[in-house]
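Notes follow the structure.
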Amino acid sequence: MSGGWNDPGVAAAYAETFAPLCAGVHPAVLAALGDVAGRRVLDAGAGTGTLTHRLAAAGAQVVAVEPDPAMRALADPSLGLVEGALPDLPLPDDAVAAAASVFVVNHLDDPRAAVADLARVTRSGGRVVVTIWPSGAHVQGRLWEQVLAEAGAVRPPGVRLPAHRDFPRTVEGLAGLLAGAGLVDVRAREVAWTHTCPPDTLWRGAAGGVGGIGVTLRAQTPEVQQAMQTAHDRHVADLLVDGMLQLETSAVLAVGVVAG
């Protein structure tokens, strides 16, 4: 499901293209966590450390965990990212006061086990914050669905979870995922922001192998890849403002509390 994240080229492509897009949700994540100053806070799936840096700047004692060595290599060494992955975090029970996992559980083979592990390592009364991309509700998701359909691309096996492992990628679906892990006082909402970037940003990320769309693109024949790029460029042209891509982006954010 997670694709080729362990490829150094994929990590570099992510850092250059999708990491700035994902960072648009960070202010909402910090708000959902509450006051983190002086508290031990987990950043699970820290990537190249963008959220880790913001948490540290807010005064948190950050435990940043990232499975991909290529991602960790791109992070500021002072952030101290350590190896580890959901749903088997290298932490004891009740290890942190709060936990965040941003655009991670939507890539994992077992989202329910992942959220349960976040709850396990968080102390009673602590908040767990999770974000995902909503199914079909954000501009780039709809754009890629149009591109795949128009180019006749076929998703390779494993890009989507089997039904028994998956969950609805909606506000209600993410709230249910957290509640199912035993978290209480669960609240979920949509977060929206505008991301401005060069017009080829999404394509460069996909061509670099980032995420499910990157895996799908790389699985196509050269002819289908070219058709995908043609369709991508045509749809992106409608979203340009002064030569820059304006992405009206949305995510789903949910926060729950570990029961006492």
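Both backbone and side-chain heavy atoms feed into the values below; hydrogens, waters and symmetry mates do not.
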| Point-to-point distance, once rounded to the nearest 0.5 Å, from CG of Asp109 to NE2 of His107 | 12.0 Å
| request: Mark yes or no for whether Thr48, through its side chain, and Leu74, through its backbone, hold a donor-acceptor pair below 3.5 Å. | output: no
| field | Partners meeting side chain to side chain donor-acceptor pair (under 3.5 Å) with Arg187 (sequence neighbours left out) | value | none
| field | ILVMFWY cluster, Val102 and Leu79 together (side-chain gap under 4.5 Å) | value | no
| Val224 to Ala151 - nearest heavy-atom pair and separation | CG1-O, 3.8 Å
| Can you tell me how far the CD atom of Glu83 sits from the CG atom of Asp68, to the nearest 0.5 Å? | 10.0 Å
| Does the side chain of Leu42 reach to within under 4.5 Å of the side chain of Leu89, using non-hydrogen atoms? | yes
| query | Can you check whether Arg165's main-chain N or O pairs, donor with acceptor, with Arg112's side chain at less than 3.5 Å? | reply | yes
| said: Show the nearest heavy-atom pair for residues Ala85 and Pro90, with the distance to one decimal. | reply: N-CD, 4.5 Å
| remark: Interatomic distance, OG1@Thr249 vs CD@Gln140, rounded to 0.5 Å, equals 4.5 Å
Do any side-chain atoms of residues 197-207 form donor-acceptor pairs under 3.5 angstrom with protein atoms, and if so which ones, sequence neighbours left out?
unit_1	atom_1	unit_2	atom_2	d
Asp200	OD1	Arg204	NE	3.2
Asp200	OD2	Arg204	NE	3.2
Thr201	OG1	Pro198	O	2.8
Arg204	NH1	Glu16	OE2	2.8

| message | Assess the residue pair Ile132 and Val105 against the criterion (side-chain contact (heavy atoms from CB on, under 4.5 Å)); give the C-alpha distance rounded to whole Å, side-chain angles, the decisive distance to 0.1 Å, and a yes or no. | response | CA-CA 7 Å; Ile132 62 168; Val105 301; 3.6 Å; yes
| message | Please determine whether side-chain contact (heavy atoms from CB on, under 4.5 Å) holds for the pair Leu247 and Leu143, giving the CA-CA distance in whole Å, both sets of side-chain angles, and the decisive distance to 0.1 Å. | response | CA-CA 11 Å; Leu247 281 175; Leu143 183 149; 5.7 Å; no
| Within the distance-only criterion (no hydrogens, no angle test), does the side chain of Arg40 pair as donor or acceptor with the backbone N or O of Val63 below 3.5 angstrom? | no
| request: Mark yes or no for whether Arg72, through its side chain, and Pro67, through its backbone, hold a donor-acceptor pair below 3.5 Å. | output: yes
| said: So which atom in Leu86 and which in Ala114 form the shortest heavy-atom distance, rounded to 0.1 Å? | reply: CD2-O, 3.5 Å
| said: Would you compute the distance between atom CG of Leu91 and atom OG1 of Thr122 and round it to the nearest 0.5 angstrom? | reply: 9.0 Å
| message | Hydrophobic clustering (ILVMFWY, side-chain heavy atoms < 4.5 Å, transitive) - are Val36 and Val255 grouped together? | response | yes
| Minimum heavy-atom distance between Thr216 and Val154, given as atom pair plus value | CG2-O, 4.2 Å
May I have the list of side-chain donor-acceptor pairs in residues 234-243 shorter than 3.5 Å, sequence neighbours left out?
unit_1	atom_1	unit_2	atom_2	d
Arg234	NH2	Glu150	OE1	2.3
His235	NE2	Glu150	OE1	3.3
His235	NE2	Glu150	OE2	2.8

| task | Taking all non-hydrogen atoms of both residues into account, name the closest pair between Ser250 and Trp133 and its distance. | result | O-CE3, 3.5 Å
| note | Here the gap from Met244 atom CE to His195 atom NE2, rounded to the nearest 0.5 Å, amounts to 8.5 Å
| task | Would you please name every residue forming a side chain to side chain donor-acceptor pair (under 3.5 Å) with Asp166, sequence neighbours left out? | result | Arg169
| field | Non-hydrogen side-chain atoms of Thr170 and Val252 separated by less than 4.5 Å | value | no
| message | Given 3.5 Å as the limit, does a donor-acceptor pair link the side chain of Gln225 with the main chain of Gln220, or not? | response | yes
| task | Examine distances only and state if a side-chain atom of Arg218 and a backbone atom of Gly208 form a donor-acceptor pair shorter than 3.5 Å. | result | yes
All N/O donor-acceptor pairs, side-chain side in residues 18-35, below 3.5 Å, sequence neighbours left out:
unit_1	atom_1	unit_2	atom_2	d
Asp35	OD1	Ala37	N	3.1

| query | For the hydrophobic clusters of this structure (ILVMFWY residues joined by side-chain heavy atoms under 4.5 Å, transitively), does one cluster hold both Val82 and Val96? | reply | yes
| query | Does Ser78 have any side chain to side chain donor-acceptor pair (under 3.5 Å) partners at least two apart in sequence or in another chain, and if so, which? | reply | Asp76
| Quick one: does Thr131's side chain have a donor or acceptor within less than 3.5 Å of a partner on Phe103's backbone? | yes
| request: Treating Ile, Leu, Val, Met, Phe, Trp and Tyr as nodes and any side-chain heavy-atom pair under 4.5 angstrom as an edge, say whether Leu81 and Leu55 lie in one connected cluster. | output: no
| request: Given side-chain contact (heavy atoms from CB on, under 4.5 Å), test Ile213 with Leu148 step by step and report yes or no. | output: CA-CA 9 Å; Ile213 188 60; Leu148 293 173; 4.1 Å; yes
| Nearest-0.5 Å distance, CZ of residue Phe167 to CG of residue Leu178 | 9.5 Å
| request: Mind listing the closest non-hydrogen atom pair of Val258 and Arg123 along with its distance? | output: CB-O, 3.5 Å
